[in-house]
There are 2 protein chains.
Amino acid sequence: MAVTLADVAARARVSAATVSRVLSGNYPVAESTRTRVLRAVDELEYVVNGPASALAAATSDLVGVLVNDIADPFFGIIAGAVQAEMVTPAGESGRGGEKLAVICNTGGSPERELNYLTLLQRQRAAALVLTGGAVEHPDHAAAVAAKASRLAASGTRVVLCGRPPIEDATTLTFDNRGGARRLTEHLLTLGHRRIGYVAGPAERTTTRHRLEGHRAALTATGVEQDAERLTVHGLYDRASGYDATLELLRRDRTLTAIVAANDTIALGVCAALRDQGLRIPADVSVAGFDDLPFSADAVPALTTMRLPLHEAGARAGRLALGREPQPPGGVAMVRAELMARASTAPPRG
Amino acid sequence: MAVTLADVAARARVSAATVSRVLSGNYPVAESTRTRVLRAVDELEYVVNGPASALAAATSDLVGVLVNDIADPFFGIIAGAVQAEMVTPAGESGRGGEKLAVICNTGGSPERELNYLTLLQRQRAAALVLTGGAVEHPDHAAAVAAKASRLAASGTRVVLCGRPPIEDATTLTFDNRGGARRLTEHLLTLGHRRIGYVAGPAERTTTRHRLEGHRAALTATGVEQDAERLTVHGLYDRASGYDATLELLRRDRTLTAIVAANDTIALGVCAALRDQGLRIPADVSVAGFDDLPFSADAVPALTTMRLPLHEAGARAGRLALGREPQPPGGVAMVRAELMARASTAPPRG
DNA sequence: CTGTTAGCGCTTTCAC
DNA sequence: GTGAAAGCGCTAACAG
């Protein structure tokens, strides 16, 4: 099957080693030889055998990117940004940086996450980027940490983006707690006191941190008494937001605001409120989190906490390639910014 | 670096060959030996060296999935569905089907598409799924076709999902032309005659087919005279929809409906109309294409053509694995279904 | 600057 | 049912 290095070498009348050197560009080769080799490569339409090269060099050009749900733009944006960083910067020798960033969709399942980790370890991936909230089950957390350590030990760079730090990994955490707190403070400042909260799946770090920030704001203002009753958990999707809103209204028809754990949920919240004949924000204010592209276009435009997902992903990509210096302590925090828009207003009366 | 097959063999007191056989499960091995080997694997935490195995076996367990824009849920949904098909069906011997489906984001750039194709060829990918509209530049189309043929010749299964057929590849086309036609017919039936069209980038097959379908409907009704003037091209994103709408209104303030090349654009269209003080659908009807999850939640709910993206992606995945019979002629068409919702209504007056 | 020489870790005939 | 041995195609010392 297919033309090999040796074929190219024969054609260019040099040794295989020389061809290899020309191709990897990391070793001086006479200009004349180089062009001769390159021409042979072209004529033969030679394509390097990745596995063979990975085996010999004990490292591959694969970079794994794990995401919880690739159909969710939150992850799509991050993953796209990571991948965009993999292209060789102009002016580098063609081959060098041609990493293949591969996006793996865990669907939020711990088993599949571990499975992908093994698959990537098997491929001897050059680096790994784990994105999004982590599942908090202790066994699983330990398993992931162990795998990460083993990978790091074998030379794979591990970068975390949007989840809490673990040992042996560089981490970009999102300020979910602080952001959530500021968001709820915004609502409190507007005068809201009965605020519903639609949380994500219970066992995710992102879910917990955002909920904690929300509660912290309530507590600081002394209105935390009903917090438990006014919280409903669901998935990070639109349908959960819809259902949770109906449940919240059932529990307390008098609430004047609902905070959603993310923008996608917020969309469902809005839909449910409208279906119940409630106006936004006249009757109920709504806020989300993330500031996905559609949020500014929602009607009314959604108040939310903006997370610079693209920038974070790009930085994670550079860290994975070792193209950007480690943050102090290996951990950097990405801040969230309040985008106060039309979906929040002072409560009526 | 790391424990190898030989280590496992030593520990289990068998030969390397036997360990290999146990692991790949495609050869009879005595039960007692098998368990002994498996235990050794466990104790040593052995992980197969993918590159080595790929080299020796001349095939890898990588499956490439190319998408135009991973931040767009259209592609996220398809890619996620493809990837979900890669998991080993319950009851199979652990190792067998553990394919690694890797998602590659071309950003719609021909160079990057070709680049990924080469990267995947280099990795000796087991299969390839190309999704979404193709770029119509003749040189590029030829280059892609050539690469596809070469890949197919070397045993890589090539599957197309949502783009026109090429030789040596199994294809799932989307009925963009027919769908677009039916959508515009829906508007015509409602009584609209002055219909604006916001198209995607000019050189994409998807763009062209949808536009052709639209025009075909107009022509059949004899109202095609202004079609050219009432068409504006842009990207497949919200901002383009917004800008294009302003341009359309500038050209003809009397139009009563706008068809967008996809739902994301339609969102921008709606935003622009609202900003111009126009009501939907009272003043202007709006229609999209794809039926992405957010479309049903838009206000008003968006009339659109539903494409079964998840099903199509899943099927593409199975075809890539050879788990589903080839459609007759290697080409199957995925139909679009009209979802008539609140954003379209008869024109006023 | 270029060629020679060993492997990298696994799969796979081919014997036993 | 299991072992021995010969590569798969490439890289990386090491000479020259």
Side-chain angles (χ1 to χ4, degrees), chain A residues 1-38 40-41 44-62 95-96 98 121-126 154-155, chain B residues 1-38 40-41 44-62 95-96 98 121-126 154-155:
Chain A
M1 189 203 81
V3 16
T4 75
L5 234 210
D7 300 331
V8 177
R11 173 133 195 157
R13 315 188 131 278
V14 295
S15 72
T18 300
V19 177
S20 172
R21 295 197 263 253
V22 169
L23 260 24
S24 53
N26 54 10
Y27 211 83
V29 174
E31 193 48 37
S32 63
T33 326
R34 153 185 230 79
T35 53
R36 201 144 36 89
V37 168
L38 256 16
V41 166
L44 264 29
E45 297 189 309
Y46 170 68
V47 174
V48 184
N49 182 318
S53 137
L55 172 58
T59 160
S60 84
D61 53 8
L62 238 51
R95 313 228 64 66
E98 307 264 311
Q121 179 183 5
R122 175 186 311 178
Q123 296 297 332
R124 302 302 188 255
S154 69
Chain B
M1 190 202 83
V3 16
T4 74
L5 235 210
D7 300 331
V8 177
R11 174 130 193 158
R13 314 189 133 276
V14 295
S15 72
T18 300
V19 177
S20 172
R21 296 198 259 253
V22 169
L23 259 24
S24 53
N26 53 11
Y27 210 83
V29 174
E31 193 48 38
S32 62
T33 326
R34 150 183 234 81
T35 54
R36 201 144 35 89
V37 168
L38 257 17
V41 167
L44 264 27
E45 296 188 310
Y46 171 68
V47 174
V48 183
N49 182 318
S53 133
L55 172 58
T59 161
S60 84
D61 53 7
L62 238 50
R95 312 228 66 66
E98 307 265 311
Q121 180 182 5
R122 177 186 308 176
Q123 297 297 332
R124 302 299 187 260
S154 70

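Chain naming here is simple, since letters A, B, ... match the order of the sequence lines and numbering starts at 1 in each. Just so you know, these numbers come straight off a predicted model, no measurement behind them.
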Next on the checklist: Nearest whole Å is fine: how far is D/dT11 C1' from A/Arg124 CZ?
Outcome noted: 17 Å
Next on the checklist: Quick check: do B/Val22 and B/Leu38 have side-chain heavy atoms less than 4.5 Å from each other?
Outcome noted: yes
Checklist entry - Is there a donor on the side chain of B/Arg21 or the base of D/dG3 sitting less than 3.5 Å from an acceptor on the other? => result yes
Checklist entry - Where the side chain of B/Val14 is defined as all heavy atoms beyond and including C-beta, which of C/dT2, D/dG3, C/dC10 is the nearest nucleotide? => result D/dG3
Next on the checklist: Whole angstroms only, please: what is the CG-P distance between B/Asn26 and C/dT11?
Outcome noted: 9 Å
Checklist entry - Which part of the nucleic acid, if any, lies within contact of B/Ala30, taking any heavy atom under 4.0 Å across all strands shown: a base, the sugar-phosphate backbone alone, or nothing? => result sugar-phosphate
Item to check | Nucleotide nearest A/Ser15 (side chain, heavy atoms from C-beta), chosen from C/dC1, C/dG3, C/dC10 | outcome: C/dG3
Checklist entry - Within a strict 4.5 Å, meaning less than it, do heavy atoms of the B/Arg124 and A/Asn49 side chains meet? => result yes
Checklist entry - Nearest to the side chain of A/Leu5, which nucleotide is it out of D/dT11, C/dG3, D/dG3? => result D/dT11
Checklist entry - Picking from D/dG9, C/dT2, D/dA12, which would you name as closest to the side chain of A/Thr33? => result C/dT2
Checklist outcome for this item: The salt bridge (Lys or Arg N to Asp or Glu O under 4.0 Å) partners of A/Arg11 (sequence neighbours excluded) come to A/Glu43
Next on the checklist: Between B/Ser20 (side chain only) and B/Ala16 (backbone N and O only), is there a donor and an acceptor less than 3.5 Å apart?
Outcome noted: no
Checklist outcome for this item: Separation of C/dC8 atom C1' from B/Leu55 atom CG, nearest Å, is 9 Å
Checklist entry - Given C/dT2, D/dA4, C/dC10, which nucleotide is nearest the side-chain atoms of B/Asn49? => result C/dC10
Next on the checklist: Need one value for B/Val19: base, sugar-phosphate or nothing, where a base atom within 4.0 Å counts as base even if backbone is also close, heavy atoms only.
Outcome noted: nothing
Checklist entry - Among C/dG9, C/dT11, C/dT2, which nucleotide sits nearest the side chain of B/Thr4? => result C/dG9
Item to check | Check: A/Val47 and A/Val41 side chains under 4.5 Å, non-hydrogen atoms | outcome: no
Checklist entry - Rounded to the nearest Å, what distance is computed from the CG atom of residue B/Asp7 to the C1' atom of nucleotide C/dC8? => result 14 Å
Checklist entry - Within this structure, what is the CD-to-P distance between B/Glu31 and D/dT2, rounded to whole angstrom? => result 10 Å
